[in-house]
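Atoms within a ligand are numbered from 1 in the order they appear, just like the ligands themselves.
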Amino acid sequence: MRYLTAGESHGKQLTTIIEGLPSHLPLLSDQINESLIRRQGGYGRGRRMQIEKDLVEITAGVRHGYTLGSPISLVINNDDFKHWQNIMGEQPIPEDEEVRRTISRPRPGHADLNGGMKYGHRDLRNVLERSSARETAARVAAGSVAKVLLKELGVSIGAYVREIAGIVSEFDETMALKDRIESSEQSPVRTLDKSAEAKMMSAIDQAKKEGDSIGGVVEVYVEGMPPGVGSYVQYDRKLDSRIAGSVVSINAFKGVEFGIGFEAGRRNGSKVHDEIAWEPSRGYYRKTNRLGGFEGGMTTGMPLVVKGVMKPIPTLYKPLQSVDIETKEPFAASIERSDSCAVPAASVVMEHVVAFELARALLEQFPGDYFPRMKQAVEAYREEVKNF
Ligand SMILES: Cc1cc2nc3c(=O)[nH]c(=O)nc-3n(C[C@H](O)[C@H](O)[C@H](O)COP(=O)(O)O)c2cc1C
């Protein structure tokens, strides 16, 4: 299974095409919309999210509520396009008119300057319109379809904010996913710890007041993945490596940890590795889950615990120094509009990006053309490995 996205931030629409999904998977646009709405919320978001109300239209690959096995095409219209038609339209500009709202001032921390050099765009709008995190809406749409497949196979996934600006949320690590999801959905910053929540919100307020921005750490938690999904035999089939790559591909994400993550480099092996046990009803399991559900590029059957770190948003009301590419003069980078903290929204994005990689790995491992056959194969495999 793979997907592609197309669309500019202020363009007509965002498009996602997913190929390789089995036939006969029940799929409704409401299931996709639920995810899109979750991405748009979160304390600390700016004006753009009030302008756009993301709703998907399924334009191909689904009939009467079921997938056909053909490519699925999902479209999200940009309501704001009506105000940008002259600036972002595909038709040539009449000779007596000038292109409006051109940008010659690259913003530090964005793709503007490198992208302009690479594609020869002297109007940097041609870069930022596509490099904008608006594209993550299209990625959430793809992930929401993957989540439907996972749910049907008994795999549940959720995400929450672990840390904002150094304020760490503490909670009972044995907490079930269902409770984690419920708690994060009730929190304006999508976190599980009420006292950290209040501090995170005031850190966001403070950053906003100072014209600054803040980042943080997101955690994705998955229950129900069968053991042995992924592979140890080739670098590009290792599931943890694919997840790491896809998380770092989210705008502003700079690193990934599994389980205790970098802490593993500071502890002795006896305090890192998870001992193996077996019970007739449960099959094999680990007594602890410090490695976050992965060994040898494959799932262990324990919950998956993946963290991703997001840098602070680079567009600041408090301007950063840059250089105008036309005049070569220094200037202070000003802003169009920006969030001061997008970590809560980014947690929804990371959840969906990880969901896609999990569904992709399952589809590679089990017969993936006809969903009922696939489901049967996954269930049979779960039983088989219990008594391995
Ligand atoms: C959900 C989400 C919302 C974002 N919103 C903004 C924003 O409003 N303003 C901004 O400057 N950057 C925003 N970003 C971050 C930029 O898109 C990102 O810093 C930029 O693409 C470069 O990231 P990179 O260096 O990791 O590729 C957002 C990122 C995410 C994931």
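Under the side-chain contact (heavy atoms from CB on, under 4.5 Å) test applied with Ile32, the options Asp54, Ile76, Thr16, Val56 reduce to a single match, Val56. A side-chain contact (heavy atoms from CB on, under 4.5 Å) with Leu74 is found for exactly one of Leu36, Thr59, Ile18, Thr5, namely Ile18.
In the vicinity of Ala133, heavy-atom distances shorter than 4.0 Å reach the ligand 1 atoms 2 (C), 3 (C), 4 (C), 17 (O), 28 (C), 29 (C), 30 (C). Residue Lys254 has at least one heavy-atom neighbour below 4.0 Å for each of these atoms of ligand 1: 24 (P), 25 (O), 26 (O). Close contacts of ligand 1 with Gly109, meaning ligand atoms under 4.0 Å from a residue heavy atom, involve 19 (O), 22 (C). The Met310 neighbourhood of ligand 1 comprises atoms 29 (C), 30 (C), 31 (C), with distances under 4.0 Å to a heavy atom of that residue. Those atoms of ligand 1 that come under 4.0 Å of a heavy atom in Ser131, given as number and element, are 21 (O). Distances below 4.0 Å separate heavy atoms of Ala342 from the following atoms of ligand 1: 2 (C), 3 (C), 4 (C). Near Ala252, meaning under 4.0 Å from any of its heavy atoms, are these atoms of ligand 1: 15 (C), 18 (C), 19 (O), 23 (O), 24 (P), 26 (O).
In this structure, Arg162 pairs ionically with Glu173, as a charged nitrogen and a carboxylate oxygen lie closer than 4.0 Å.
Using a 4.0 Å heavy-atom cutoff, Pro314 is listed among the residues neighbouring ligand 1.
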(message) What verdict does the salt bridge (Lys or Arg N to Asp or Glu O under 4.0 Å) test give for Arg237 and Glu364, after you've listed the backbone C-alpha separation in whole Å, the side-chain angles of each residue and the deciding distance to 0.1 Å?
(response) CA-CA 10 Å; Arg237 294 176 59 196; Glu364 277 173 22; 5.2 Å; no
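With 3.5 Å as the limit, one finds no donor-acceptor pair spanning the side chains of Arg38 and Ser347. For the residue pair His110 / Ser131, no side-chain donor-acceptor distance below 3.5 Å is found, with atom types taken as modelled.
Polar contact with ligand 1: present for Lys311 (N/O pair, distance under 3.5 Å). Not a single N or O atom of Arg107, backbone or side chain, sits closer than 3.5 Å to an N or O atom of ligand 1. Considering backbone and side-chain N/O atoms, Asn251 comes within less than 3.5 Å of an N/O atom of ligand 1. Residue Asp339 has at least one N or O atom closer than 3.5 Å to an N or O atom of ligand 1.
Checked against the 6.0 Å centroid threshold, Phe371 and His24 do not count as a close aromatic pair.
Summarising the geometry, atom NZ belonging to Lys386 is positioned 4.0 Å from atom CD belonging to Glu383; distances are rounded to the nearest 0.5 Å.
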